[in-house]
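Data first, discussion second: the structure below is written as structure tokens.
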Amino acid sequence: MKKIIEIVDTIETAQVYAELSDAKSGGICVFVGTVREFTNEEEVVALEFETYKTMALKEMEKIADRAIEKWNLNKVVLRHAVGEKGVAEPVVVVGASSAHRDACFEACRFLIDTLKETVPIWKKEKFKNKSVWVSAHP
Amino acid sequence: MKKIIEIVDTIETAQVYAELSDAKSGGICVFVGTVREFTNEEEVVALEFETYKTMALKEMEKIADRAIEKWNLNKVVLRHAVGEKGVAEPVVVVGASSAHRDACFEACRFLIDTLKETVPIWKKEKFKNKSVWVSAHP
Amino acid sequence: MNVLFFGIAKDIVGNSELIFSEELNKPRTVAALKKQLVDSYPEFSKLNALAVAVNSEYATDDVTLNGSEEIAIIPPVSGG
Amino acid sequence: MNVLFFGIAKDIVGNSELIFSEELNKPRTVAALKKQLVDSYPEFSKLNALAVAVNSEYATDDVTLNGSEEIAIIPPVSGG
């Protein structure tokens, strides 16, 4: 089992297949989160990501370990970007490879859902006239 | 909405993100099917894919259209390789991008499941001492 | 009437295309075509399933054939 | 006792790190730390949630603090 856990300045989406590719795998499932132009019909100029890096890496490692416990996976990647990202830029990529496709699909969904719940990374939405920390307030 | 439907000799996995990337999308989900080294504990040397191309492209187009009807998608890719593929090589890539991740995950799963059911492509597993058309016999 | 064969179907008939040239031999429906194939090549009856495409669309048994269509024998698919 | 602040928590206190230097001021539990923060900066009470990490692990309210730990205030996360 190979895990790749990283916080980076820029995500290179092209590299993830080589990282997940595996002779024992028949399927690779990858999710890429990107910056969307509009939130609630307001135009987003950029997203700014900040992290508590030592803790974020630990939490990402835990998520990978939980996925490996739950499913029969050969390789797992969790990679998140920090800094300012413009529209359509990738901000997160998670993926898994497994012998059969059920496992990699379910694991990939679990990876991104859990990352969003537990990993200490914060996103500020920058609009033309204001900035908002996402999910901070009810 | 942009659809990319192709049957190719070699799949370049690196290109699929650029194809699915979209200002209106917050999520991209991609599935890559690859050649697995073992089937029922027998060592696979290669897979050989054959297609009825005109019909396969029509069926892939129908699958994309059904996905677009069911989910709110911005871009869809269905690409299958033909010819002989060695262990760990990609043979199929399907993916979708959407504003929110539920849609792209569900659509991506639908694309590969339906492709395997309806698209006229046939796979021969080549072992050391024999070759078998997959799924042909009970 | 020309019929295309793919995958294991091609192996069974030993050819990627067969021509039904005799008027008498030409099946008039998809069901008749399938029956004719199974009668001539019993291996077809051992397959998981056997579909026929007419003009590159799946065709049900009752679809009629006039001989000018592109007809293909579709054994169980296994892409992906 | 040093406390790290991230995201909106950093904006609320106006700093990425605060030092609780007075013996009297040092909270002895996670719960006491949270209370002290909310008392000093009422904006914290308006957040969806407020978590504390001790040595880069989520800590429940009853975890005790001796001042040598790495302590961080974790406002609602929003990665991905």
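Just so we're on the same page: letters track the sequence lines, and every chain starts at 1. What's counted below: heavy atoms across the whole structure, side chains too, no hydrogens, waters or symmetry copies.
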* **Engaged part of C:Asp11 at the chain B interface, taking heavy atoms whose separation is under 4.5 Å** => side chain
* Go through the atoms of B:His80 and report whether side chain, backbone, both or neither lie under 4.5 Å from a heavy atom of chain C. => side chain
* Asked: Charged N to carboxylate O below 4.0 Å: is that the case for B:Lys70 and B:Glu106?
  -> no
* Proximal component of B:Glu48, with respect to chain C [non-hydrogen, under 4.5 Å] -> neither
* Heavy-atom contact with chain C under 4.5 Å, split by part of B:Tyr52 -> both
* Engaged part of B:Thr34 at the chain C interface, taking heavy atoms whose separation is under 4.5 Å -> neither
* Asked: Would B:Arg66 and B:Glu69 count as a salt bridge (Lys or Arg N to Asp or Glu O under 4.0 Å) if you check the C-alpha gap in whole Å, the side-chain angles of each, and the deciding distance to 0.1 Å?
  -> CA-CA 5 Å; B:Arg66 281 172 63 193; B:Glu69 256 171 56; over 6 Å; no
* Structure fact -> So, the part of B:Trp133 with a heavy atom under 4.5 Å from chain C: the answer is side chain
* Structure fact -> Interface check, chain C: of B:Val119, B:Thr54, B:Val93, B:Val91, most non-hydrogen pairs under 4.5 Å belong to B:Val119
* Among B:Ser25, B:Ser97, B:Ser98, side chain to side chain donor-acceptor pair (under 3.5 Å) partner for B:Asn74 -> B:Ser25
* To do: Answer yes or no: is there a donor N or O on one side and an acceptor on the other, between the side chain of C:Lys34 and the main chain of C:Leu50, under 3.5 Å?
  => yes
* Structure fact -> Answer key: most heavy-atom pairs under 4.5 Å with chain C among B:Ile112, B:Leu115, B:Thr118 is B:Thr118
* Asked: Are any side-chain N or O atoms of C:Ser78 and backbone N or O atoms of B:Lys124, one a donor and one an acceptor, separated by less than 3.5 Å?
  -> no
* **Pairwise side-chain contact, B:Phe38 with B:Val44, heavy-atom cut-off 4.5 Å (strictly under)** => no
* Part of C:Leu4 lying under 4.5 Å from any heavy atom of chain B -> side chain
* To do: Kindly indicate, with the supporting measurements, whether the criterion side-chain contact (heavy atoms from CB on, under 4.5 Å) is fulfilled by B:Val92 and B:Lys116.
  => CA-CA 10 Å; B:Val92 61; B:Lys116 282 171 174 272; 6.0 Å; no
